[in-house]
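Each chain gets a letter, A, B and so on, in the order its sequence line appears, and its residues count up from 1.
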Amino acid sequence: MRYQAPKGVSEYFPPRSQSFEWIRETLLTPIRQAGYQLLELPIFEDTELFARGVGASTDVVNKEMYTFEDRGGRSITLRPEGTVGALRSVIEHGLDRGSLPAKFFYSGQFFRAERPQAGRYRQFYSVGIEAIGSDDPALDAEVIAIAYSGFRALGLKAFHLEITSLGDKASRAAHRIDLVKFISALDLDKSTIDRAEINPLRLFDDKRAEIKELMLQAPILLDYLSPESLANFEQVQGFLNTLEIPFRINPRMVRGLDYYTGTTFEFVHEMLGAQSGIGGGGRYDGLMEEIGGRDITGIGFGLGIDRALLAAEAEGVVDTSVFLTDLLVIPMGGDAKSFAMRLARDLRPYNLTVEISFGDRSVKSAMKAADKGGVKYVIVIGDAELSSGLVEIKQMSTGTLTSSTLTSLVETLIETLSATIR
RNA sequence: GUGGUUGUAGCAUAAUUGGUUAAUGCCCUUGACUGUGAAUCAAGAAGAUGCGCGUUCAAAUCGCGUCAAUCACUCCA
């Protein structure tokens, strides 16, 4: 029996795992720089939490959750998204009691039992943030800006930002009545009618040309926004403009989770086929209260690491040079091996990646391995060096040899290696 | 979940259209080149028809099933 990974899970192993790591760290950097703090959360929660939080009418809850009974007879679900679990933790530990907004980030895997294809996995990876307890439109814009700068830091260009506002409860209710009225007058097939019954907004997202055509005439939620909601949305746009973040207003945007209100956004990549959403999020006015917390608002996003990686590969911008080895030490003989191990130990605290050539390979084969692995510098230490007290430091990219005395070797290497652009 | 396409060594391709030992390149090891990489040449090692059943004298090749990947829809990160 030859085992294989369960259907639809993404696995990352070398060399591509470096690309994955680079994506995750790059997306996380602007988040940390904006003062968000880590929330390390369980990947499973009480099933009821997701049913209430994500929304009973969503596909995510209805047909995509990994739900099972644990040994104590509890119904457990593998998290299909991050916001609800994060808020549960915030409420449970009173994290919204300090100064607001309270700002958190998380990263990890999520689970949805969908039919997989490239960019859509049953276990996928996201980084997300939540900012809780402020309705300042500047916060909306900053949250969007953080995601935007993450994608830009990856070097992505072929993507765009779509935003809309879902307004407040009253706006949505009024719109829904008219939209349902409009849809009921259309001549639709049964499965489409069924979808519309669950959530009439879904029809805005239909890929079929004839439906798109019909929906052109449908009432648009933006036209139903209350004056306050509209003013708020305009302020968000104003801040995005000051930050020079390009965006498109997409009044037909549909999000699959029930809790979104107000500002809602999506980052769409143009080279990924059908699975083109690389990130998205929005504000959630009633969610905290819905799952047992105070009635305060919040806003957040989730960015797909798997898809961001696919996008970066499609654009040819993946950069894993940060993971290159700075120095390979090739010891020849037992004394030299001890020396090499001490040298590596002394250098690594200076944030240098230092490897030792193990296994008593020939210098030639060690050099070959260094070349193939993208090592920046190499030194060979043997009896000759140990007795003469002189070592040659070889830069692989140029082939240049630089001499150093054994006694000043650590200092020389720290200086040489740190000077190289990483 | 619905429909389509594709599965050959670690990777990438080939195999007379059903024909006998499934090939080549890359990768790996060694040498030419006593302790300094990429090129070239030589030698060597290991390794595959996703899985199952069927048709046939004979299956990588045809059929059915299954598993997986992939594409579109549904949906979403």
Next item on the list: Go through B:A38, B:C76, B:A69 for me and flag the one nearest to the A:Lys368 side chain.
Entry: B:A38
Notebook entry, point to check: Which part of the nucleic acid, if any, lies within reach of A:Gly119 when heavy atoms closer than 4.0 Å are counted: base, sugar-phosphate only, or nothing?
Noted result: base
Checklist line | Distance test, side-chain N/O of A:Arg255 to OP1/OP2 of B:A77, below 4.0 Å | finding: yes
Margin query: Are A:Ile249 and A:Ile163 packed together at the side-chain level, in the sense that at least one heavy-atom pair is separated by less than 4.5 angstrom?
Written below: yes
Notebook entry, point to check: According to a strict under-4.0 Å criterion, is A:Arg120 in side-chain N/O contact with OP1 or OP2 of B:U74?
Noted result: no
Item checked: Nearest-nucleotide pick for A:Arg115, side chain only, options being B:G3, B:C67, B:U74 -> B:G3
Margin query: On the side chain of A:Arg307, is there an atom forming a donor-acceptor pair with the base of B:C76 - under 3.5 Å, no angle test?
Written below: yes
Checklist line | Side-chain-base donor-acceptor pair under 3.5 Å for A:Lys364 and B:G35 | finding: no
Margin query: Quick one, A:Ser57 and A:Ile198 - any side-chain contact, counting heavy atoms below 4.5 Å?
Written below: yes
Next item on the list: With heavy atoms under 4.0 Å as the rule, sort A:Lys7 into base, sugar-phosphate or nothing.
Entry: sugar-phosphate
Checklist line | Sugar-phosphate only, base, or nothing, as touched by A:Ala370 at under 4.0 Å among non-hydrogen atoms | finding: nothing
Checklist line | Test item: A:Gln37 and A:Lys103 side chains (from C-beta on) under 4.5 Å apart, heavy atoms | finding: no
Check: Reckon A:Asp383 touches a base, only the sugar-phosphate, or nothing at all at heavy-atom distances under 4.0 Å?
Finding: base
Next item on the list: Name the nucleic acid region contacted by A:Ala366, choosing base, sugar-phosphate or nothing; use a 4.0 angstrom heavy-atom cut-off, strictly under.
Entry: nothing
Note to self: Can you confirm if the aromatic rings of A:Phe111 and A:Phe124 lie within a centre distance of less than 6.0 Å?
What the structure shows: no
